[in-house]
Amino acid sequence: HVQLVESGGDSVQAGGSLRLSCEISLYIYSSYCMGWFRQAPGKEREAVAAHYTGTATTYIADSVKGRFAISEDNAKNILYLQMNNLQPEDTAMYYCASGNPSLYEGSWKVPAEYDDWGQGTQVTVS
């Protein structure tokens, strides 16, 4: 199994920026998909972004498009989520996940398509 450790969460004011990191303990094969999800209290887990390591294809949720970006550093085995112009509605626990989603449209958004999850890092925007 892949071990994932998130970091970078913090409390910031609206309009601020944060960069989340996800350290990946095991080599990710080219077919793997790495994703960022978030979950606010009382809400379902929501996909934020995904990155397919083999094709370098990325997806960003409409709710954060234009403000968030996903990237990876292959040499360091780290996945990043750059978050700009943060808003109070972005407040949530953010999770890194890895898996091999099935080949249907939007599969990257489905938590059940991912096999491994980190413990999460808290982002609070006021």
Side-chain angles (χ1 to χ4, degrees):
H1 282 277
V2 175
Q3 184 174 2
L4 307 170
V5 179
E6 304 95 335
S7 63
D10 204 347
S11 296
V12 297
Q13 292 188 340
S17 298
L18 285 174
R19 188 177 76 163
L20 305 184
S21 299
C22 174
E23 294 186 47
I24 308 162
S25 68
L26 188 68
Y27 173 75
I28 301 297
Y29 294 96
S30 61
S31 60
Y32 260 63
C33 175
M34 301 297 301
W36 284 102
F37 287 76
R38 66 185 182 184
Q39 189 165 20
K43 294 187 177 181
E44 293 187 354
R45 192 163 294 193
E46 172 192 21
V48 175
H51 174 80
Y52 284 78
T53 57
T55 63
T57 302
T58 62
Y59 296 95
I60 303 291
D62 289 341
S63 58
V64 301
K65 195 167 290 183
R67 300 188 298 122
F68 289 15
I70 186 172
S71 62
E72 67 170 345
D73 184 328
N74 285 328
K76 297 181 180 179
N77 283 349
I78 298 177
L79 181 76
Y80 297 106
L81 182 69
Q82 178 66 44
M83 306 186 296
N84 299 323
N85 191 22
L86 283 160
Q87 300 300 314
E89 54 265 33
D90 297 317
T91 295
M93 185 72 79
Y94 283 71
Y95 298 91
C96 175
S98 71
N100 199 11
S102 302
L103 296 178
Y104 61 88
E105 185 176 353
S107 62
W108 67 273
K109 302 178 185 179
V110 181
E113 293 285 349
Y114 293 79
D115 303 312
D116 297 282
W117 294 82
Q119 293 301 307
T121 185
Q122 178 67 38
V123 172
T124 303
V125 186
S126 59

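Values in this document were obtained by computation on a predicted structure and should not be read as measured data.
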Q: Any salt bridge (Lys or Arg N to Asp or Glu O under 4.0 Å) involving residues 100-125? Give me the pairs, sequence neighbours left out, ordered by first then second residue.
A: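 Checked against salt bridge (Lys or Arg N to Asp or Glu O under 4.0 Å) - neighbours excluded - no pair reaches residues 100-125.
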Q: Test of understanding: with ring-ring contact (aromatic ring centres under 6.0 Å, His included), list the residues that count as partners of F37, not counting sequence neighbours.
A: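 If we apply the ring-ring contact (aromatic ring centres under 6.0 Å, His included) test to F37, skipping adjacent residues, the hits are Y114, W117.
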Q: Do any pairs count as a disulfide bond (SG atoms under 2.5 Å apart) and have a residue in residues 97-126, sequence neighbours left out, and if so which ones?
A: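 Residue pairs with at least one partner in residues 97-126: there are none.
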Q: Report, one line per pair, each donor and acceptor closer than 3.5 Å where one atom sits in a side chain of residues 85-93; sequence neighbours left out.
A:
| from | atom 1 | to | atom 2 | distance (Å) |
| --- | --- | --- | --- | --- |
| N85 | OD1 | Q87 | NE2 | 2.9 |
| Q87 | NE2 | N85 | O | 3.2 |
| D90 | OD1 | R38 | NH1 | 2.9 |
| D90 | OD1 | R67 | NH2 | 3.0 |
| D90 | OD2 | R67 | NH1 | 2.7 |
| D90 | OD2 | R67 | NH2 | 3.4 |
| D90 | OD2 | Q87 | N | 2.7 |
| T91 | OG1 | P88 | O | 3.0 |
| T91 | OG1 | V125 | N | 2.9 |
| T91 | OG1 | V125 | O | 3.3 |

Q: Listing request: all salt bridge (Lys or Arg N to Asp or Glu O under 4.0 Å) pairs with a residue in residues 94-104, at least two apart in sequence or in separate chains.
A: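 Passing the test, one end in residues 94-104: no pairs.
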Q: Sequence neighbours left out, what pairs pass side-chain hydrogen bond (donor to acceptor under 3.5 Å, both in side chains) with at least one residue falling in residues 5-20?
A: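 The answer is S17-N84.
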Q: Just to verify, what does K76 make a salt bridge (Lys or Arg N to Asp or Glu O under 4.0 Å) with, not counting sequence neighbours?
A: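 So K76 forms no salt bridge (Lys or Arg N to Asp or Glu O under 4.0 Å) with any residue.
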Q: Taking the side chain as everything from C-beta on, heavy atoms only, tell me whether M34 gets closer than 4.5 Å to L4.
A: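 Side chain of M34 against side chain of L4, heavy atoms only: contact under 4.5 Å found.
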Q: To the nearest 0.5 Å, tell me how far I60 CD1 sits from K65 NZ.
A: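 It comes to 8.0 Å.
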Q: Check side chain to side chain donor-acceptor pair (under 3.5 Å) between T57 and all other residues, then give those that pass, not counting sequence neighbours.
A: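 T55.
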Q: What closest approach, in Å, do A61 and A47 show between heavy atoms, and which atom pair accounts for it?
A: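 Distance-wise, the nearest heavy atoms are CB-O, 3.4 Å.
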Q: Applying disulfide bond (SG atoms under 2.5 Å apart) as the test, list every pair that has at least one member in residues 89-126; sequence neighbours left out.
A: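 Qualifying pairs: C22-C96.
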Q: For the CG atom of N100 and the OG1 atom of T53, what is their distance to the nearest 0.5 Å?
A: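 Taking CG in N100 and OG1 in T53, the distance rounds to 9.0 Å.
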Q: For E23, check side chain to side chain donor-acceptor pair (under 3.5 Å) against everything at least two apart and list the hits.
A: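 E23 satisfies side chain to side chain donor-acceptor pair (under 3.5 Å) with no residue once adjacent residues are dropped.
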Q: Under the 4.5 Å side-chain heavy-atom rule for ILVMFWY, direct or indirect, which residues accompany I78?
A: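 Once heavy-atom contacts under 4.5 Å are chained together, I78 belongs with Y80.
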Q: In terms of ring plane angle, is the pair Y52 and Y59 parallel, tilted or perpendicular, where the classes change at 30° and 60°?
A: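 Rings of Y52 and Y59: perpendicular, as their planes differ by over 60°.
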Q: With the side chain counted from C-beta on, respond yes when V64 and W36 share a heavy-atom pair under 4.5 Å apart, and no when they do not.
A: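 Side-chain contact under 4.5 Å: no.
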